[in-house]
Amino acid sequence: MQRFALYLGLAIALAGCVPMAAPPVASAPRLGPEQALENFREVIARVEPVAEQLCREQTPDQRCDFAIYVDRAPRSGVNAFHTIDDAGRPAIIFTVALIAVAANVDELAYVMGHEAGHHIGRHLPQARASAHLGAEVFAQIARAGGVSERAVGEAAQIGAVVAARQFTRQAELEADAIGTIIALRAGYDPLRGAAFFERLPDPARSFLATHPPNALRMETVRRTLAEARRPGP
Ligand SMILES: [Zn+2]
């Protein structure tokens with residue numbers, strides 16, 4: 001069990017919400033730093049209560065008091081993450097580069113809704129379980145082949161990464177759907193917000209993609225919006 005901890009750590013590290021190979025978003029319109037900060041403050045104040053309420057509605061057994069953090073290290077690039085902080089609160093982390101390149105409040109609101117969606121979708125514990133299962137299965141296959149313990153360890157590592165990658169693609173789409181609802185309820189335009197991902201390189205072009213293709217993400221946003229706007233029975 002213990003032995004897999006390192007491999008699982010590697011697999012979970014793949015779970016950042018922006019494709020890892022993303023260079024700075026060159027085509028993004030640049031707001032001044034003061035405007036970017038003001039947008040960020042506005043979005044936190046309006047989106048957090050909505051995300052918290054949806055979290056309490058859908059997963060009342062979880063903590064829903066989101067903590068928002070900013071990663072100020074320039075080398076962290078353009079990214080956002082969901083994690084659980086030291087106090088056990090669900091946390092949403094924005095890198096300073098993401099705040100700087102977001103073109104408008106809709107993009108920030110969408111990203112925040114998407115990260116909250118990972119928590120509401122229980123993706124962290126599921127990713128861990130998925131990586132662990134992948135490691136176990138690949139290790140068993142390797143063992144059946146009568147290889148060395150070292151080779152078994154390597155197989156477990158590959159299994160964890162493969163399983164986590166498969167899980168990540170599916171989890172990203174679910175977070176997109178939940179993020180669409182949160183942004184909409186908070187009064188933002190999810191389609192305009194999700195355009196943020198369209199300005200990034202399309203993961204569909206990468207063989208080792210951990211994220212779904214941009215077109216599939218936009219389709220998820222459009223479908224979720226259509227369902228949300230359909231009059232009830
Ligand atoms: Zn994500």
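Position 1 is the first residue of the sequence, and the numbers go up from there. Only a predicted model underlies this, so the values are computations on that prediction, with no experimental measurement involved. As the structure lists them, so they are numbered: ligands from 1, and atoms in each ligand from 1.
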Do any of the N, O or S atoms of [X] sit under 2.8 Å from the Zn ion (ligand 1)?
| X | answer |
| --- | --- |
| His114 | yes |
| Glu115 | no |
| His118 | yes |

Name of the Glu172 atom (N/O/S only) found closest to the Zn ion (ligand 1)
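Distance check against the Zn ion (ligand 1) picks out OE1 in Glu172.
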
Counting only heavy atoms not in Glu57 (residues, nucleotides, ligands), do more than 12 fall under 6.0 Å from its CD?
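Check passes, neighbour count above 12.
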
Does the pair Arg217 and Glu198 meet the rule for a salt bridge (charged side-chain N to carboxylate O under 4.0 Å, His left out), with working shown?
CA-CA 9 Å; Arg217 302 188 71 169; Glu198 289 210 302; over 6 Å; no

Pair Asp61, Arg122 - check salt bridge (charged side-chain N to carboxylate O under 4.0 Å, His left out), show working.
CA-CA 11 Å; Asp61 58 308; Arg122 304 179 197 273; 2.9 Å; yes

Looking at Phe66, is Arg89 sitting on its ring face, NZ or CZ under 6.0 Å from the six-membered ring centre and within 45 degrees of the normal?
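Verdict for Phe66: no cation-pi partner in Arg89.
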
